[in-house]
Amino acid sequence: MTLKLAWRNLWRNKRRTFITLAAIFLAVILSTLMMSLKEGVYESMIESSVGSYMGYVRVHAEGYWEEKSLDLSMEQSDEVEYALFQHREVDGSIPRVESFALAASEELTKGSMVVGVDPTLEAKFNKLNERVVEGSYLEDSDRAVLLGDGLAAYLHLSVGDTIVLLGQGYHSASAAGKYPVKGIVKFGSPDLSKQLIFMPLKEAQWLYAMPGKVSGLILHFNQPDRSEYVADQLKKDLGAEYEVMHWTEHNRELANMIKTDRMEGWVFMFILYLVIAFGIFSTILMMLEERRHEFGVLIAIGMKRMRLAAMVFGEVVIISLLGAFIGMFGAFPVCLYFNLNPIQLGAEMQEMTEDYGMEAVLRSSVDPGIFIQQALIVAALATLIAIYPYIKLTRLRAIDAMRS
Amino acid sequence: MNEFVIEARNLSKVYPGAVDVHAVNHIDLQIENDEFTAIVGPSGSGKTTLLNLIGGLDRPSTGEILVNGHQIHDLTDNQLIDFRLRHIGFVFQSYNLIPVLTALENTEFIMLMQNIPKAQREQRAIELLNEVGLGEKLHSRPTQLSGGQQQRVAVARALASKPDFVLADEPTANLDSESAFNLLDIMARLNKEEGITFLFSTHDQRVIDRARRVITLEDGRIVSDIRQS
């Protein structure tokens, strides 16, 4: 009956209950939206730089990443592929030849990154074909290139023009080639757009004199959030001959930036939680004062104070969970809206976000983990606050309360 | 069986202040089983304080209180709550029913606190509500009952725990004449037929007229103690 009593008590002062419920509801929506926008920005940064190009996990021959030398390239091996696909989270292994070259147009030159890709696999897993904004996508047999739009603009090249590449190949072989520009690709990350040149893998192997070899493999995941775990497992599976790098290792700058920003975000969230806590606390204080006489009567007629405290604690917990639950579902359409209609940043912010290699929009995340996390935090906060009335009631004297 | 259900010895309650207030001043009092006693007196004479002391709601400054021979003044707060639950029934001036519970649930509430099984407490609650004439209002909430009906539920609730005695603080103060007479009839019948001891504080002449013993307080002292036929 204590629970029944707690439930009925909630609805006897509907206004007070709705105010508390609304406070918790709005708190969950607000905190979820804040967190969702923040995580959305991180997702966008990770996706812009990691998911669509660098890869959540990369596999190279040992030492390649430090040296970035094609001399440390690896053979395309069935054994490695077999080990990778032992993990059900891995749904694609994309071979790449990546090296630097001097790219030249008629009058201009620029250091750039030449990437030999398997057009079919890149289209399937990285949607490279969808990034073509001008011209057409590559085919395996092409002897042509795709240019990042930033690089094309810098070199004043467009589809049909010719680009000359000069670099150093496998074991210091000279790498030189002249290629027609087949298409222009656009990346969310302006950094990538300003330096990337794509060509078919076989052509890159020919250019850099490394047939049958690749500089590394990019792993595609059906569950990116499991990529860190898989990377750890692969390190053990593949042994010392290979280096397996999670994106937090091969893109430390981004990982550290997110980590620092996330910590700052929690400080801000803490302040928000404090404001929320005071809102909830004030409604609980109001309830305690309004019902003081009634609590006195209940103790007078023989209700143990612990039981009374448990009843009121139950009331606060029920309303907290209810508010958090409704808030969680209320937050979803709000976050979904800002996911589908991201907030466009102003010119000044745009420049800043581009420096970090991401799109100039604030897109909220709809990761269910955020909704559950925020609902749980606010519910836990309210439950923590409910300790106050619990303590007050365990010390309440019937006579004092009945005199009030 | 003790001779007295309630016994107060040299009972005093002083509220300290610039000038100490002696709300109850060296009272000796014995209430026997089956008594139907009214404590009367002007406002501030100490009626409610005396009832609070006897009911274990307040602690005396000096003196001792025995209920059926058990000292209650040196029990801890939690022991007193348990003692009240098992030995004392309360009826308050403003009924003080639990607003979210029905008449039946309000009556069952005390027995629930005593961990009496559901079927048993429901049966007793129905019997008690029938006794106070509310057999057809079992599932009404306090807001759906008149003042008199609410006070009758309060009486049923007070009796639910089979207490040693019932303390009633101004039980008819908020009732119209008809409701007051009804309530007094019920309490008098319960006293006569079931031997339940009632101790009232009251200003109400209707209650005083029905009481078999009238104790008058003035300035915290008993100034008269009359048994009526």
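Naming convention: chains lettered A, B, ... in sequence-line order (proteins, then strands); numbering from 1 in each chain. Hydrogens, waters and symmetry mates are skipped; everything else that's a heavy atom, side chains included, is used.
- In plain terms, the two heavy atoms of A/T383 and A/S320 that are nearest each other are N-OG, 4.2 Å.
- Only the side chain of B/F92 has a heavy atom closer than 4.5 Å to any heavy atom of chain A.
- Contact annotation for A/M402: only side-chain heavy atoms (C-beta onward) come within less than 4.5 Å of a heavy atom of chain B.
- Using a cutoff of 4.0 Å between basic side-chain nitrogens and carboxylate oxygens, A/E39 and A/R262 are scored as salt-bridged.
- Only the side chain of B/I98 has a heavy atom closer than 4.5 Å to any heavy atom of chain A.
- The two residues B/V5 and B/F165 have their closest heavy-atom pair at CG2-CD2, 3.9 Å.
- Under 3.5 Å, the side chains of A/S364 and A/N339 contain no donor-acceptor pair of N or O atoms.
- Of the charged side-chain nitrogens involved, none lies within less than 4.0 Å of a carboxylate oxygen, so that B/E105 and B/R141 do not count as a salt-bridged pair.
- Only the side chain of B/N52 has a heavy atom closer than 4.5 Å to any heavy atom of chain A.
- With a 4.5 Å cut-off on non-hydrogen atoms, B/I81 touches chain A through its backbone and its side chain both.
- A/A300 touches chain B through backbone and side chain together, each having a heavy atom under 4.5 Å away.
- Within a 6.0 Å sphere centred on NZ of B/K13, heavy atoms belonging to other residues, nucleotides or ligands number more than 12.
- Taking the six-membered ring where the residue is Trp, A/F371 and A/F332 present tilted rings, their angle falling between 30° and 60°.
- Taking A/H293, A/K304, A/E294, A/R305 one by one and counting their heavy-atom pairs under 4.5 Å with chain B, the maximum is reached by A/R305.
- Chain A forms the most heavy-atom pairs under 4.5 Å with one residue out of B/L85, B/I110, B/I88, B/T143, and that residue is B/L85.
- Only the side chain of A/R403 comes within contact range of chain B, judged by heavy atoms closer than 4.5 Å.
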